[in-house]
Amino acid sequence: MKLLLNLSLVGLALGSPDSSRDCRCRPHQSCWPADQEWAALNSSVQGNLQPVQPVAAPCHKGNKEACTAITEQWTNSTWRASQPGAVQWENWEAWPERNESCLLETPQTACGQGRISLYSILAKSASHIQEGVRFAKRHNLRLAIRNSGHDFVGRSTAPDSLQIFTYWMKDIRFSDEFKPAGAPKSEGSAVTIAAGVNLMELYAAVGKEGRAVVAGTSHTVGAAGGYIQGGGHSLLGPWKGMSTDNVLEYRVVTASGNLVTANSYHNSDLFWALRGGGGGTFGVVVSVTLRTFDDAPTTMVNLNISTVARHPGFWEAMTDFHAAIPSLNDAGAGGYYFIIPDMPFNRTLVSTLSILLFFPNQTDIAKTDRLFAPLRSKLNATAGVMAQYTSTLFPSTRQVFSGLFIRGTDSTGKTVILGSRLFSRDLLVSPDGPEHLVNAWKKLEFNPGDTITGHIVAGGAVAKNSETVDSALNPAWRKAVTHMDFARSWAPNATLAQQQAVIRNLTEVDMPILKAVEGCKMGSYMNEANAYEPDFQKEFWGSNYLRLYEIKQKWDPNGLFIARKGVGSEDWDDAGLCRINRK
Ligand SMILES: Cc1cc2nc3c(=O)[nH]c(=O)nc-3n(C[C@H](O)[C@H](O)[C@H](O)COP(=O)(O)OP(=O)(O)OC[C@H]3O[C@@H](n4cnc5c(N)ncnc54)[C@H](O)[C@@H]3O)c2cc1C
Ligand SMILES: *[C@@H]1O[C@H](CO)[C@@H](O)[C@H](O)[C@H]1NC(C)=O
Ligand SMILES: *[C@@H]1O[C@H](CO)[C@@H](O)[C@H](O)[C@H]1NC(C)=O
Ligand SMILES: *[C@@H]1O[C@H](CO)[C@@H](O)[C@H](O)[C@H]1NC(C)=O
Ligand SMILES: *[C@@H]1O[C@H](CO)[C@@H](O)[C@H](O)[C@H]1NC(C)=O
Ligand SMILES: *[C@@H]1O[C@H](CO)[C@@H](O)[C@H](O)[C@H]1NC(C)=O
Ligand SMILES: *[C@@H]1O[C@H](CO)[C@@H](O)[C@H](O)[C@H]1NC(C)=O
Ligand SMILES: *[C@@H]1O[C@H](CO)[C@@H](O)[C@H](O)[C@H]1NC(C)=O
Ligand SMILES: *[C@@H]1O[C@H](CO)[C@@H](O)[C@H](O)[C@H]1NC(C)=O
Ligand SMILES: *[C@@H]1O[C@H](CO)[C@@H](O)[C@H](O)[C@H]1NC(C)=O
């Protein structure tokens, strides 16, 4: 009898761990670490372990004073970045499929934990990260890596997870002659930044040294996290390449808890994957070393185009501008443009296209003006179109960022999902290409004030680097001349069904229209893409996906690092809690 009983227990034991191993351990399960185990983790990270609640919890519990302070900071992205219980976009704090949220705007409902982690390690060193990774591995926990929390695809939160919070890792070091470990010679000047350094801090430090660095346009986006691991576009891209093209070395905590160097000489497969393969997937980056450049004066052009709302001349002007992009880009232009089909103005609606383009290391303004003359005279001859043009010389790229973009703070704390697409140079130099592109955008619906943002951040060095940089970056970037995105949202109190209707429109109506412009040739930028992209492997990585998947299996065979719509995430459910594809 006793023997039989034991055998059946063994049978059960064999049956259940096998299937439970396919799911992460959740609170209230017997596998969940006991209090002493959390306390031991806490001491191994020198007291930097914290329990986490969603930031708006006090508002749901009637704590007026605390709630007022939270209300004031709700859209302050610097504050959000510093809060383990928040991310930048409130839709990724909630877990609508489980009806769990804790938002400022819905204080009458119970505060649900949603996708906010249960515990956070406020990491101050590589060893804190190693302890966290080992603990999560030992206890089979869902792990979330959280830097600025800007991710548009929900990659920095996960339900019932342990969070590694990199925000406080702020070290910045310069080197005139950086020699990657194992390299025969120096690669020249570089900066090594720790995982939590944000763009504003990076620009300030690099500017003080009189150097320039390829990075993005935001205050609080992290420089070493998801931004650079996913590619990292910049208005300086046409001049010096993608941010990730300029990485010389990473220091990484791998799924086994080891701290390793990844560069061209050590762990080169991991190095390949971390340049474009995406954040939260291959390991926890502790620091990244980036090339720096001599800073240089920069010519800026601002061209504003407007018509009465949706005048035929507006679409014609938009077509003419897109047809001009390849030659402007060949001449070194990088920058952004903002299309607002229905812009509220003086109690009516107008259509506007505002263009800001930069020519780094170019000082001959008259030459730049000549470059724009053909486009300007076309606009001037188009009925109904008003155009204003200025050209200005900035003394340095540093002053472009500090004077124009990195002022005040980013405004976040809303519900946002994006749609986006990379469009090729080939398309815009073809006779009907620009018109096809504009006709596609014309079919999408926009509310007053909605903006389509064009990013001229490729071409030039980004295209040329295909010859010298072998990395996981979406190959579509090397052929792209513009990356265009737009936002959709829902009210904070929207029901799941209402949210799904917005998602369905984006995924099944808007995106197919944009994809049809160039068939399956191009793709989207993984960091600013539809968070519900069904075909993400091909869209985000094209022909690099198979190799990325293999590298993922080699370095993280048990899927400790799973990020939504990341490499290998198709083997897991949307929350990354249970495997759905058995290996
Ligand atoms: C206002 C704004 C401006 C932007 N501007 C640009 C721009 O100019 N150019 C551009 O290319 N993109 C831009 N982006 C998009 C940006 O690249 C993404 O939001 C990106 O995910 C931010 O990375 P993060 O590390 O700061 O954010 P998080 O949300 O904290 O992290 C993003 C992903 O990276 C992972 N991750 C973070 N840190 C690490 C680490 N140390 N090791 C491993 N994984 C890590 C996370 O797990 C998550 O999967 C912008 C976004 C916003 C909101
Ligand atoms: C970890 O230790 C610190 C300092 O002793 C303490 O303040 C904190 O509450 C502890 N964290 C947890 C989760 O117990
Ligand atoms: C935004 O938050 C940061 C960090 O908490 C704070 O220093 C700053 O003063 C805040 N800005 C505003 C306008 O409140
Ligand atoms: C979701 O939760 C709220 C309160 O927290 C409740 O009023 C509502 O009925 C719930 N909805 C569903 C579909 O369970
Ligand atoms: C700027 O241009 C000059 C002259 O063309 C060139 O020598 C220099 O290397 C350029 N600077 C950078 C940082 O590319
Ligand atoms: C706004 O409209 C009114 C009348 O419609 C007009 O008189 C005024 O000049 C307009 N203002 C601007 C700034 O265009
Ligand atoms: C615009 O066209 C008018 C004539 O229609 C001409 O006088 C003017 O110089 C043109 N301006 C530009 C910038 O081409
Ligand atoms: C373009 O519009 C912006 C915003 O209204 C304005 O600040 C800028 O001065 C305008 N540029 C030109 C060239 O008129
Ligand atoms: C959300 O709130 C608005 C008012 O702010 C209200 O009109 C709407 O009915 C609410 N929606 C739901 C689903 O509760
Ligand atoms: C979906 O799109 C249709 C038309 O394209 C629009 O009428 C409808 O309001 C949209 N629904 C949502 C939820 O956005």
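Every number for a ligand or one of its atoms is a count from 1 in the order of the listing.
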Numbering as shown, the atoms of ligand 9 that approach Gln498 to under 4.0 Å (heavy-atom distance):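 It comes down to these atoms of ligand 9: 13 (C).
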Can you label the angle between the Phe401 ring and the Tyr203 ring as parallel, tilted or perpendicular, going by 30° and 60°? parallel
Taking the six-membered ring of Phe486 (Phe, Tyr or Trp), confirm whether the NZ or CZ of Arg421 is under 6.0 Å from its centre and within 45° of its axis.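 Relative to the ring axis of Phe486, which defines the angle, Arg421 lies outside at least one limit.
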With a sphere of 6.0 Å drawn around CH2 of Trp168, does it hold more than 12 non-hydrogen atoms of other residues, nucleotides or ligands? no
Non-hydrogen protein atom less than 4.0 angstrom from atom 14 (O) of ligand 9: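 True for atom 14 (O) of ligand 9.
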Proximal atoms of ligand 3 relative to Asn76 (non-hydrogen, under 4.0 Å): 1 (C), 2 (O), 3 (C), 8 (C), 10 (C), 11 (N), 12 (C), 14 (O)
Which of the atoms of ligand 3 are close to Gln73, meaning less than 4.0 Å from one of its heavy atoms?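 Once the distances to Gln73 are compared, the set is 1 (C), 2 (O), 10 (C), 14 (O).
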Is any NZ, NE, NH1 or NH2 atom of the basic residue among Arg80 and Glu93 found under 4.0 Å from an Asp or Glu carboxylate oxygen of the other? yes
Among Tyr337, Trp315, Phe314, whose ring-ring contact (aromatic ring centres under 6.0 Å, His included) with Phe321 holds? Tyr337
Looking at atom 7 (O) of ligand 3, is any protein heavy atom nearer than 4.0 Å to it?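 Flag for atom 7 (O) of ligand 3 set to false, no protein heavy atom closer than 4.0 Å.
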More than 12 heavy atoms of other residues, nucleotides or ligands under 6.0 Å from CZ of Arg173: is that the case? no
For atom 2 (O) of ligand 10, which protein heavy atom lies nearest, and how many Å away is it?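 Ranking protein heavy atoms by distance from atom 2 (O) of ligand 10, first comes Asn505 ND2, 2.3 Å.
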Should Glu105 be listed as contacting ligand 9, given a heavy-atom distance under 4.0 Å as the test?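 It does not, in that no heavy atom of Glu105 comes within the 4.0 Å cut-off of ligand 9.
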Number the atoms of ligand 10 from 1 as they appear, then name those within less than 4.0 Å of a heavy atom of Glu445, with their elements. 4 (C), 5 (O)
Any N or O of Asn493 closer than 3.5 Å to N or O of ligand 9: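 Indeed, backbone or side chain, Asn493 has an N or O that close.
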Counting heavy atoms not belonging to Lys208, are there more than 12 under 6.0 Å from its NZ? no
Considering all protein heavy atoms, does one lie under 4.0 Å from atom 11 (N) of ligand 9? yes
